[in-house]
**Student:** 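Take a look at the following structure, please.
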Amino acid sequence: MTTPAPASASFLVQNYNRQDVRFIRGAGCHLFDEHGRKYLDAFAGVAVSALGHAHPRLVAAISQQAGQLLHASNHYGILQQEALAKTIVQSGFPGRVLFCNSGTEANECAYKVVRLWGNVAHGGAKTRIIAFENGFHGRTIGSLSITASAKYREPFAPMPACEFLPFGDADALERAMGADVAGVFLEPIQGEGGIMVPPAGFLARARELCTRHGALLVVDEIQTGVGRTGRMYAHQHDAVVPDIMTLAKGLGGGVPIGAAVLGTSCADLLKPGLHGTTFGGNPLACAAAITVLDEVLTPGFLARVTERGDQLKQGLEKLFAGSAVRGKGLLLGVQLPGDPAPLVKAALAEGLVVGPSGNNTLRLAPPLIISEAEVDDVIAKLRLARIRT
Ligand SMILES: *Cc1c(COP(=O)(O)O)cnc(C)c1O
């Protein structure tokens, strides 16, 4: 394996702050770099590798599909899309699914449906869009326009209009709502914004306000969905039913796929020709996602996510006594006094992969298959890393 050229000699656009590590192989919850060094993965490539690395069933499903058909395009029927959509709807809420290739594309689709809701279903009477401070919805212009943080948006201004409210503030939402609101976008737990959990009842009131004013409630489950928080979808903790849910990250277990799940109220607004994608929902990506969902929906799987999440949370609370540990299931954040980067780096040196979230939060989002012993190992390695910083 050749050592890559220094950044100054790289042919890559330098738009990432990358760690000086190159993973070349994985197995279960472990990763191996090009020197054969082993790491425990408590990040899952930003909550993506839900079944860990080289999961035998996922490898078999992808290999089988690759040998059968990779791509045919949405000009034709795709059996795997039908099967995957049925599973998603039956594990979520009544509606229909549109497949795409990433999180931001899923939110673009949701955004366009919100526009159709205002322009077509309500004759142009609903134009306003509401989202929340500190949220993250993606990097394309539509998704960026509903992402509040100035550091992501401002370099690309001007943006389509969006109003931002304090996250978790249902009273502020009540004051802002009106008959002219087309849609409200929110994450059930803010993943990039520091693993922020809203106060109990916030989602239910957002649901109630959207219903009262005829606005679509769009729940961005791109990071929280597919079992990550111990429920199939995080909004199910609150027993609310969104109008639209967006998925990506963990859905394909590492194969790129996104989905916009459109409730029955709005699914039929997307007529033929109004939206589409060349690659979205191709047989390979769907075969991967079908396998991920089948595993996550196996009886007992989600209960284990909750157990391992509770174990990890308790370990973190003990290790970081006095600091807030936020999140649910296996999406957890530890509030630090400052930048998490030094601790992330020290953990890597101890053979542990963790990540940052926001400006001052350490993020843990291990594969959902992590074992009890591996959770203990995460805490042990983090303890050593902490001593080094
Ligand atoms: C990662 C993420 C996105 C963007 O997904 P991409 O696949 O990077 O486009 C959108 N919303 C949330 C909540 C995310 O965590």
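Whatever order the structure lists ligands and atoms in, that order sets their numbers, starting from 1.
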**Student:** Under a 4.0 Å heavy-atom limit, does D220 contact ligand 1 with its side chain, its backbone, both, or neither?
**Tutor:** side chain
**Student:** Any salt bridge linking D243 with R207? Criterion: basic side-chain nitrogen under 4.0 Å from a carboxylate oxygen.
**Tutor:** yes
**Student:** Heavy atoms only, cut-off 4.0 Å: how does R139 contact ligand 1, side chain, backbone, both, or neither?
**Tutor:** neither
**Student:** Can you list the atoms of ligand 1 that are under 4.0 Å from a heavy atom of H137?
**Tutor:** 10 (C), 11 (N)
**Student:** Which residue owns the protein heavy atom closest to atom 2 (C) of ligand 1, what's the atom, and how far is it?
**Tutor:** K249 NZ, 2.6 Å
**Student:** Mind checking whether G138 has an N or O less than 3.5 Å away from an N or O of ligand 1?
**Tutor:** no
**Student:** For T104, counting its heavy atoms only, list the atoms of ligand 1 lying under 4.0 Å from any of them.
**Tutor:** 4 (C), 5 (O), 6 (P), 9 (O)
**Student:** Determine, for K381 against D377, whether the closest basic-nitrogen to carboxylate-oxygen distance falls under 4.0 angstrom.
**Tutor:** yes
**Student:** Is at least one protein non-hydrogen atom found at under 4.0 angstrom from atom 6 (P) of ligand 1?
**Tutor:** yes
**Student:** Any sub-3.5 Å donor-acceptor pair from D41's side-chain atoms to F43's backbone N or O?
**Tutor:** yes
**Student:** Taking side chain to side chain contact (heavy atoms under 4.5 Å, CB included) as the criterion, tell me which of L316, I195, T229, L362 meets it with L332.
**Tutor:** L316
**Student:** Between the side chains of Q81 and N282, does any donor sit under 3.5 Å from an acceptor?
**Tutor:** no
**Student:** Counting from 1, what ligand 1 atoms have a heavy atom of Q223 closer than 4.0 Å?
**Tutor:** 15 (O)
**Student:** Closer than 4.0 Å to some heavy atom of E187 - which atoms of ligand 1 meet that?
**Tutor:** 13 (C)
**Student:** Could K126 and D180 be called an ion pair, given the rule that one side-chain N must be under 4.0 Å from one carboxylate O?
**Tutor:** no
**Student:** With no hydrogens and no angle check, just 3.5 Å: does a side-chain donor-acceptor pair link T298 and E295?
**Tutor:** no
**Student:** A248 versus ligand 1: do any nitrogen or oxygen atoms come within less than 3.5 Å of each other?
**Tutor:** no
